[in-house]
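Structure record follows, encoded as C-alpha coordinates.
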Amino acid sequence: MPPIQIIVAMTRDRVIGEKGELPWNLPHDLKLFCQLTIGKTVLMGRTTYQSIGKPLAQRRNIVISRSLAVTQGIELCRTFSEGVNLARSFGHDIFCIGGVEIYRQALPLAERLHISWVDGAFSGDSLFPEFELTDWSETDRRSYTGFTYSTYLRKKNAL
Ligand SMILES: NC(=O)c1ccc[n+]([C@@H]2O[C@H](COP(=O)([O-])OP(=O)(O)OC[C@H]3O[C@@H](n4cnc5c(N)ncnc54)[C@H](OP(=O)(O)O)[C@@H]3O)[C@@H](O)[C@H]2O)c1
(Lines give C-alpha, C1' and ligand atoms only; values in the text may rest on other atoms or scores of the structure.)
Protein backbone atom coordinates (compact mmCIF):
# COMPACT_ATOMS: atom_id res chain seq x y z
CA MET A 1 0.00 0.00 0.00
CA PRO A 2 1.40 3.44 -0.80
CA PRO A 3 2.38 5.27 2.39
CA ILE A 4 0.69 8.48 3.51
CA GLN A 5 2.97 11.49 3.16
CA ILE A 6 2.41 15.01 4.42
CA ILE A 7 3.74 18.04 2.60
CA VAL A 8 3.62 21.41 4.33
CA ALA A 9 5.36 24.75 4.55
CA MET A 10 5.46 26.20 8.05
CA THR A 11 7.39 28.46 10.35
CA ARG A 12 9.20 27.10 13.39
CA ASP A 13 6.10 28.29 15.34
CA ARG A 14 3.98 25.96 13.13
CA VAL A 15 2.20 28.83 11.31
CA ILE A 16 0.83 27.56 7.99
CA GLY A 17 -1.83 30.08 7.00
CA GLU A 18 -3.43 33.45 7.53
CA LYS A 19 -7.01 34.29 6.52
CA GLY A 20 -7.14 31.24 4.23
CA GLU A 21 -3.93 32.07 2.38
CA LEU A 22 -0.24 31.28 2.67
CA PRO A 23 1.40 34.16 4.60
CA TRP A 24 4.52 34.12 2.38
CA ASN A 25 5.50 34.12 -1.25
CA LEU A 26 8.10 31.42 -1.90
CA PRO A 27 8.05 30.50 -5.60
CA HIS A 28 10.80 27.93 -5.21
CA ASP A 29 8.78 26.13 -2.54
CA LEU A 30 5.86 25.92 -4.98
CA LYS A 31 8.25 24.52 -7.57
CA LEU A 32 9.40 21.81 -5.14
CA PHE A 33 5.76 21.07 -4.31
CA CYS A 34 5.04 20.51 -8.00
CA GLN A 35 8.13 18.36 -8.53
CA LEU A 36 7.14 16.10 -5.67
CA THR A 37 3.42 15.79 -6.36
CA ILE A 38 3.05 15.74 -10.15
CA GLY A 39 1.89 12.31 -11.30
CA LYS A 40 0.82 11.44 -7.75
CA THR A 41 -2.35 11.66 -5.67
CA VAL A 42 -3.03 14.78 -3.60
CA LEU A 43 -5.54 14.73 -0.77
CA MET A 44 -6.86 18.01 0.63
CA GLY A 45 -9.62 19.60 2.65
CA ARG A 46 -12.39 21.63 1.07
CA THR A 47 -10.98 24.97 2.31
CA THR A 48 -7.57 24.31 0.81
CA TYR A 49 -9.16 23.19 -2.46
CA GLN A 50 -11.20 26.39 -2.63
CA SER A 51 -8.20 28.57 -1.82
CA ILE A 52 -6.27 26.93 -4.69
CA GLY A 53 -9.34 27.56 -6.82
CA LYS A 54 -9.04 24.64 -9.24
CA PRO A 55 -7.82 21.04 -9.39
CA LEU A 56 -4.04 20.71 -9.44
CA ALA A 57 -3.00 19.70 -12.95
CA GLN A 58 -1.42 16.31 -13.68
CA ARG A 59 -2.41 14.94 -10.27
CA ARG A 60 -5.35 12.94 -8.94
CA ASN A 61 -7.13 15.43 -6.69
CA ILE A 62 -9.08 14.02 -3.76
CA VAL A 63 -11.07 16.64 -1.85
CA ILE A 64 -12.64 15.85 1.53
CA SER A 65 -15.88 17.72 2.19
CA ARG A 66 -19.33 17.20 3.62
CA SER A 67 -20.71 20.25 1.79
CA LEU A 68 -19.09 20.55 -1.65
CA ALA A 69 -21.14 19.55 -4.70
CA VAL A 70 -19.70 17.04 -7.14
CA THR A 71 -17.20 18.95 -9.31
CA GLN A 72 -15.34 18.02 -12.48
CA GLY A 73 -11.64 17.33 -12.05
CA ILE A 74 -11.77 16.22 -8.42
CA GLU A 75 -12.68 13.07 -6.56
CA LEU A 76 -15.00 14.12 -3.77
CA CYS A 77 -15.02 12.10 -0.55
CA ARG A 78 -17.35 12.68 2.36
CA THR A 79 -15.05 11.33 5.09
CA PHE A 80 -11.30 11.33 5.62
CA SER A 81 -11.11 7.53 5.67
CA GLU A 82 -13.04 7.33 2.40
CA GLY A 83 -10.46 9.69 0.90
CA VAL A 84 -7.53 7.64 2.19
CA ASN A 85 -9.04 4.38 0.92
CA LEU A 86 -9.67 5.88 -2.51
CA ALA A 87 -6.14 7.32 -2.63
CA ARG A 88 -4.68 3.93 -1.70
CA SER A 89 -6.72 2.25 -4.42
CA PHE A 90 -4.97 4.43 -7.06
CA GLY A 91 -1.62 2.88 -6.11
CA HIS A 92 0.39 6.13 -6.49
CA ASP A 93 2.21 8.04 -3.77
CA ILE A 94 -0.27 9.90 -1.57
CA PHE A 95 0.45 13.47 -0.49
CA CYS A 96 -1.76 15.13 2.12
CA ILE A 97 -1.48 18.80 1.22
CA GLY A 98 -3.57 20.43 3.98
CA GLY A 99 -5.03 22.36 5.57
CA VAL A 100 -5.05 22.12 9.34
CA GLU A 101 -7.98 19.70 9.62
CA ILE A 102 -6.52 17.30 7.06
CA TYR A 103 -3.04 17.47 8.59
CA ARG A 104 -4.54 16.65 12.00
CA GLN A 105 -6.22 13.51 10.64
CA ALA A 106 -3.30 12.50 8.42
CA LEU A 107 -0.54 12.91 11.02
CA PRO A 108 -1.23 9.67 12.96
CA LEU A 109 -1.14 7.70 9.67
CA ALA A 110 1.75 9.46 7.99
CA GLU A 111 5.05 7.68 7.40
CA ARG A 112 6.86 10.58 5.72
CA LEU A 113 6.87 14.35 6.23
CA HIS A 114 8.08 16.90 3.71
CA ILE A 115 8.46 20.16 5.59
CA SER A 116 9.56 23.47 4.17
CA TRP A 117 10.70 25.31 7.28
CA VAL A 118 9.99 28.95 6.46
CA ASP A 119 12.55 31.45 7.78
CA GLY A 120 11.46 34.17 10.16
CA ALA A 121 8.20 34.85 11.96
CA PHE A 122 4.80 35.29 10.33
CA SER A 123 1.53 35.90 12.07
CA GLY A 124 -1.15 33.40 11.17
CA ASP A 125 -4.47 31.97 12.26
CA SER A 126 -3.76 28.42 11.06
CA LEU A 127 -1.21 26.21 12.80
CA PHE A 128 0.11 22.78 11.88
CA PRO A 129 -0.91 20.35 14.66
CA GLU A 130 1.55 19.86 17.50
CA PHE A 131 3.81 16.88 16.96
CA GLU A 132 7.05 15.41 18.31
CA LEU A 133 9.86 16.01 15.85
CA THR A 134 11.93 13.51 17.87
CA ASP A 135 9.58 10.76 16.60
CA TRP A 136 10.95 11.43 13.10
CA SER A 137 14.36 10.90 11.47
CA GLU A 138 15.51 13.57 9.08
CA THR A 139 16.58 11.91 5.82
CA ASP A 140 17.22 14.94 3.61
CA ARG A 141 17.79 18.67 4.10
CA ARG A 142 18.26 21.39 1.48
CA SER A 143 18.55 25.14 2.00
CA TYR A 144 16.88 27.67 -0.27
CA THR A 145 16.29 31.40 -0.10
CA GLY A 146 13.66 31.91 2.58
CA PHE A 147 13.25 28.31 3.68
CA THR A 148 14.86 24.95 4.38
CA TYR A 149 13.27 21.82 2.96
CA SER A 150 13.58 18.69 5.13
CA THR A 151 12.25 15.18 4.69
CA TYR A 152 11.50 12.98 7.69
CA LEU A 153 10.69 9.30 8.09
CA ARG A 154 8.74 8.16 11.12
CA LYS A 155 10.95 6.19 13.49
CA LYS A 156 9.84 2.55 13.70
CA ASN A 157 9.17 2.65 17.45
CA ALA A 158 7.12 5.88 17.15
CA LEU A 159 4.09 4.31 15.41
N1 LIG B 1 1.44 26.17 4.54
C2 LIG B 1 0.93 25.11 3.92
O3 LIG B 1 1.68 24.23 3.45
C4 LIG B 1 -0.57 24.99 3.76
C5 LIG B 1 -1.10 23.95 2.97
C6 LIG B 1 -2.49 23.85 2.87
C7 LIG B 1 -3.30 24.78 3.54
N8 LIG B 1 -2.73 25.75 4.29
C9 LIG B 1 -3.56 26.71 5.02
O10 LIG B 1 -4.45 26.00 5.88
C11 LIG B 1 -5.61 26.81 6.08
C12 LIG B 1 -6.86 25.98 5.83
O13 LIG B 1 -6.96 24.94 6.80
P14 LIG B 1 -8.40 24.45 7.33
O15 LIG B 1 -8.20 23.48 8.42
O16 LIG B 1 -9.21 25.66 7.57
O17 LIG B 1 -9.03 23.77 6.04
P18 LIG B 1 -8.90 22.35 5.28
O19 LIG B 1 -8.31 21.30 6.18
O20 LIG B 1 -8.27 22.60 3.96
O21 LIG B 1 -10.44 22.05 4.99
C22 LIG B 1 -11.36 21.89 6.05
C23 LIG B 1 -12.62 21.33 5.47
O24 LIG B 1 -12.36 20.02 4.96
C25 LIG B 1 -13.50 19.22 5.17
N26 LIG B 1 -13.16 18.13 6.10
C27 LIG B 1 -12.10 18.02 6.92
N28 LIG B 1 -12.14 16.85 7.58
C29 LIG B 1 -13.24 16.20 7.15
C30 LIG B 1 -13.82 14.94 7.44
N31 LIG B 1 -13.25 14.07 8.31
N32 LIG B 1 -14.98 14.59 6.82
C33 LIG B 1 -15.54 15.43 5.91
N34 LIG B 1 -15.05 16.65 5.58
C35 LIG B 1 -13.90 17.02 6.21
C36 LIG B 1 -14.58 20.10 5.75
O37 LIG B 1 -15.25 20.65 4.61
P38 LIG B 1 -16.84 21.00 4.64
O39 LIG B 1 -16.96 22.19 5.53
O40 LIG B 1 -17.16 21.26 3.21
O41 LIG B 1 -17.52 19.78 5.19
C42 LIG B 1 -13.76 21.17 6.44
O43 LIG B 1 -14.45 22.38 6.63
C44 LIG B 1 -5.48 28.00 5.12
O45 LIG B 1 -4.99 29.13 5.82
C46 LIG B 1 -4.44 27.54 4.11
O47 LIG B 1 -3.72 28.60 3.53
C48 LIG B 1 -1.39 25.88 4.40
Side-chain angles (χ1 to χ4, degrees), residues 2-65 68 71 73-75 80 83-84 87 90 92-155 158-159:
I4 306 286
Q5 308 187 47
I6 284 177
I7 183 162
V8 60
M10 66 171 138
T11 66
R12 292 282 171 185
D13 299 329
R14 292 184 291 105
V15 168
I16 66 162
E18 166 76 343
K19 298 192 176 86
E21 307 284 336
L22 298 180
W24 42 76
N25 177 29
L26 294 171
H28 200 83
D29 181 49
L30 297 179
K31 198 172 157 193
L32 274 182
F33 175 88
C34 286
Q35 284 171 353
L36 280 163
T37 59
I38 279 183
K40 312 288 172 30
T41 299
V42 290
L43 195 150
M44 72 198 93
R46 189 258 308 160
T47 312
T48 295
Y49 168 66
Q50 289 181 326
S51 78
I52 297 169
K54 58 178 184 200
L56 291 168
Q58 301 174 66
R59 281 150 278 194
R60 308 265 327 228
N61 287 245
I62 298 180
V63 179
I64 317 287
S65 171
L68 203 63
T71 308
I74 65 166
E75 321 266 355
F80 180 75
V84 168
F90 295 153
H92 303 299
D93 286 11
I94 303 164
F95 287 91
C96 294
I97 66 164
V100 180
E101 286 191 32
I102 294 307
Y103 289 141
R104 187 173 296 116
Q105 294 166 87
L107 201 45
L109 305 177
E111 288 177 37
R112 191 181 286 269
L113 304 179
H114 303 262
I115 303 182
S116 291
W117 291 108
V118 177
D119 295 346
F122 287 85
S123 56
D125 52 23
S126 296
L127 296 184
F128 191 81
E130 282 190 58
F131 70 111
E132 285 295 334
L133 202 50
T134 51
D135 287 345
W136 299 82
S137 305
E138 191 178 42
T139 55
D140 187 22
R141 182 192 298 184
R142 291 179 244 159
S143 293
Y144 299 96
T145 305
F147 71 100
T148 300
Y149 165 77
S150 289
T151 308
Y152 301 87
L153 266 184
R154 190 191 289 275
K155 290 177 184 168
L159 264 175

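For this chain, numbers begin at 1 and follow the sequence in order.
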Pairs in or reaching into residues 138-153: which pass salt bridge (charged side-chain N to carboxylate O under 4.0 Å, His left out), with residues at least two apart or in two chains?
Glu138-Arg141, Asp140-Arg142
Just to verify, what does Pro129 make a side-chain contact (heavy atoms from CB on, under 4.5 Å) with, not counting sequence neighbours?
Tyr103, Arg104, Leu107
For Thr139, what residues pass the side-chain contact (heavy atoms from CB on, under 4.5 Å) criterion, not counting sequence neighbours?
Arg112, Thr151, Leu153
[X] side, atom [atom1]; [Y] side, atom [atom2] - distance, nearest 0.5 Å:
X      : Y      : atom1 : atom2 : answer
Arg154 : Ile6   : CZ    : CD1   : 8.0 Å
Ile94  : Ile4   : CD1   : CD1   : 4.0 Å
Ile74  : Ile64  : CD1   : CD1   : 10.0 Å
His114 : Ile97  : NE2   : CD1   : 13.0 Å
Glu132 : Glu130 : CD    : CD    : 8.5 Å

Testing the basics here: between Leu43 and Val84, what is the closest heavy-atom pair and its distance to 0.1 Å?
CD1-N, 4.0 Å
Taking the inter-plane angle between the rings of Trp117 and Tyr152 on a 0 to 90° scale, is it parallel (under 30°), tilted (30 to 60°) or perpendicular (over 60°)?
perpendicular
Provide the full list of side-chain hydrogen bond (donor to acceptor under 3.5 Å, both in side chains) pairs with a residue in residues 6-33, sequence neighbours left out, each pair given once.
Asp29-Ser116
Is any side-chain heavy atom of [X] less than 4.5 Å from a side-chain heavy atom of [Y]?
X      : Y      : answer
Lys155 : Trp136 : no
Val15  : Leu127 : yes
Phe131 : Leu113 : yes

Name every donor-acceptor pair, under 3.5 Å, that has one atom in a side chain of residues 51-62 and the other anywhere in the protein, sequence neighbours excluded.
from  : atom 1 : to    : atom 2 : distance (Å)
Ser51 : OG     : Thr48 : O      : 3.1
Arg59 : NE     : Ala57 : O      : 2.8
Arg59 : NH1    : Thr37 : OG1    : 3.0
Arg59 : NH2    : Ala57 : O      : 2.9
Arg60 : NH2    : Glu75 : OE2    : 3.1
Asn61 : OD1    : Leu56 : N      : 2.7
Asn61 : ND2    : Leu56 : O      : 2.9
Asn61 : ND2    : Arg59 : O      : 2.9

Residue pairs involving residues 32-58 (criterion ring pair (Phe, Tyr, Trp, His ring centres under 6.0 Å); sequence neighbours excluded):
none
Sole candidate of Ile102, Leu68, Thr47 that passes side-chain contact (heavy atoms from CB on, under 4.5 Å) when paired with Val63:
Leu68
What residues form a ring-ring contact (aromatic ring centres under 6.0 Å, His included) with Phe147, not counting sequence neighbours?
Tyr144
